[in-house]
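The sequence lines fix the lettering, A, B, ..., with proteins before strands; numbering per chain opens at 1. Computed from a prediction, not measured in an experiment: that's the story for all the values here.
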Number of protein chains: 2
Amino acid sequence: MSSESEGPTRPQGGRTRIQERNRAAILEAGLAVFSAAGFSGATLDRIAKEARLSKPNLLYYFPSKEAVHLALLENLLDAWLAPLRALDPEGDPVEEVLLYVRRKLDLSRDFPRESRLFANEVLRGAPHLSDLLGGELKRLVDEKAAVLERWMEDGRLARVPARHLVFSIWALTQHYADFDTQVRAVLGDGHDPFAEAGDYLETLFRRLLRP
Amino acid sequence: MSSESEGPTRPQGGRTRIQERNRAAILEAGLAVFSAAGFSGATLDRIAKEARLSKPNLLYYFPSKEAVHLALLENLLDAWLAPLRALDPEGDPVEEVLLYVRRKLDLSRDFPRESRLFANEVLRGAPHLSDLLGGELKRLVDEKAAVLERWMEDGRLARVPARHLVFSIWALTQHYADFDTQVRAVLGDGHDPFAEAGDYLETLFRRLLRP
DNA sequence: TCTTGATTTGACCAGGCGGTCAAAGCCACG
DNA sequence: CGTGGCTTTGACCGCCTGGTCAAATCAAGA
């Protein structure tokens with residue numbers, strides 16, 4: 001992350017080791033609390049306790065509750081969009097889409113708290129993300145939709161509305177993280193939701209996209 | 001609802017007209033506020049104001065904030081499960097599933113607040129719904145999954161994991177209500193998300209389920 | 001050791017929260 | 001007109017919230 005590794009306690013222009021550690025602890029705690037309780041349901045006391053800090057100490061590192069929340073959302077976005085960014089225009093169309101599905105499902109399995117944080121935010125109307133949704137995200141989707149549409153024109157992918165194809169990938173993969181409670185309640189014991197979902201979604205998108 | 005229609009102001013055993021009206025206004029206001037702000041973000045003052053009642057007056061009709069929330073969830077469930085209940089074992093397999101998809105998507109379009117209320121609750125781990133999810137809902141899904149599996153065995157429906165098929169219908173239709181902000185941000189102007197979704201989902205499930 | 005700045009904290013505050021209560025208003029009936 | 005119960009409300013309460021602040025503690029270089 002840092003280009004400068006000198007300075008015993010303080011890489012100049014960067015952060016102290018202590019700052020690094022405490023900010024990380026706060027973000028980790030914030031992720032746990034925000035994703036479980038939503039923005040309004042989360043309290044600074046709870047986050048501070050989870051991070052093993054006092055509340056004023058937490059506020060020494062972040063100026064407000066909202067700042068913690070915002071930092072989390074910003075951190076999130078890169079990881080969240082990476083799988084779509086990785087969609088390779090030079091690859092095999094169906095396999096590229098399936099790879100995207102697989103990567104997105106892995107995110108849901110491995111980072112369910114991040115998924116819920118994001119879902120909570122969009123559910124509330126995305127007060128913090130609105131610029132990103134209409135800006136960076138839209139641009140990325142436009143770009144990749146163009147790739148998908150080219151594949152469709154070349155007859156290498158079945159013709160479907162490209163942006164809705166992307167939506168359906170988001171919907172299906174997020175569902176297993178965000179509605180985990182419901183999924184497990186309905187399936188009952190003796191199931192591995194994510195493993196089953198992986199197979200099912202592969203089937204689904206293969207049948208949908210086979211030219 | 002009431003079997004007795006006599007009694008000028010009070011159908012015996014039932015509710016006064018005033019009670020009927022005010023309870024309805026509170027539930028309507030509660031739906032608006034809870035779905036927009038989540039449980040913790042909603043305040044009694046806001047709900048009361050929306051319902052044009054004073055806060056103590058609201059609490060005259062419902063004993064607590066939680067009671068309003070609970071009443072809303074209970075009201076919701078019947079309407080929410082109706083489309084699945086309507087899946088007809090005697091009908092044409094593919095058309096029955098498509099009809100279910102269509103009905104569920106209509107719910108998302110016409111009752112987005114209910115959809116978000118539900119999503120919010122499940123996201124939080126469904127503290128209120130947990131019995132229903134593991135009970136009534138599970139039973140209904142089990143029953144309909146059996147129908148779907150029979151159709152698959154008879155070769156009238158492509159073979160897929162029945163419960164995950166149901167999940168995918170939930171995920172895809174709810175998405176257009178719960179992530180409406182994101183969908184519209186990405187699509188930009190000049191789109192009718194629900195109309196496009198209707199066509200796309202029909203294609204998707206037809207290709208998936210065609211035997 | 002002393003000094004200096006980074007770090008940590010207990011005490012505190014104003015505002016908003018869910019909820020209570022006693023009193024007032026209202027309305028249909030006798 | 002009066003009465004009794006349904007309905008409404010202003011005032012209030014204790015608690016929790018996000019956030020402040022001055023003082024204490026700590027770490028490390030000189």
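For the pair I18(A) CD1 and dA28(D) C1', the computed distance is 11 Å after rounding to whole Å. When rounded to the nearest whole Å, the span between CZ of R17(B) and P of dA28(C) equals 8 Å. Across the protein-nucleic acid pair, F62(A) atom CZ and dG18(D) atom C1' stand 16 Å apart, rounded to whole Å.
Residues K144(B) and E96(B) fail the side-chain proximity criterion, which asks for heavy atoms closer than 4.5 Å.
Judged by distance alone, with hydrogens and angles left aside, the side-chain atoms of K138(B) form no donor-acceptor pair with the main-chain N or O of A185(A) at under 3.5 Å. Using modelled atom types, no side-chain atom of R116(A) and backbone atom of A36(A) make a donor-acceptor pair closer than 3.5 Å.
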| note | Whether each nucleotide of nucleotides 9-19 of chain C has a protein heavy atom under 4.0 Å at its base (B), only at its sugar-phosphate (S) or at neither (-) is summarised, 5' to 3', as BBB-----SBB
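The shortest distance between the side-chain N/O atoms of N22(A) and the OP1/OP2 oxygens of dT8(C) is below 4.0 Å. For Q19(A) and dT7(C), the shortest distance from a side-chain N or O to OP1 or OP2 is below 4.0 Å.
Annotation: side chain to side chain donor-acceptor pair (under 3.5 Å) contacts involving residues 67-84 of chain B, sequence neighbours excluded, comprise W80(B)-Q174(B).
Under the 30°/60° scheme for interplanar angles, the aromatic rings of F39(A) and F34(A) are found to lie parallel.
When all heavy atoms of K65(B) and A42(B) are compared, the pair lying nearest together is NZ-O, 2.8 Å.
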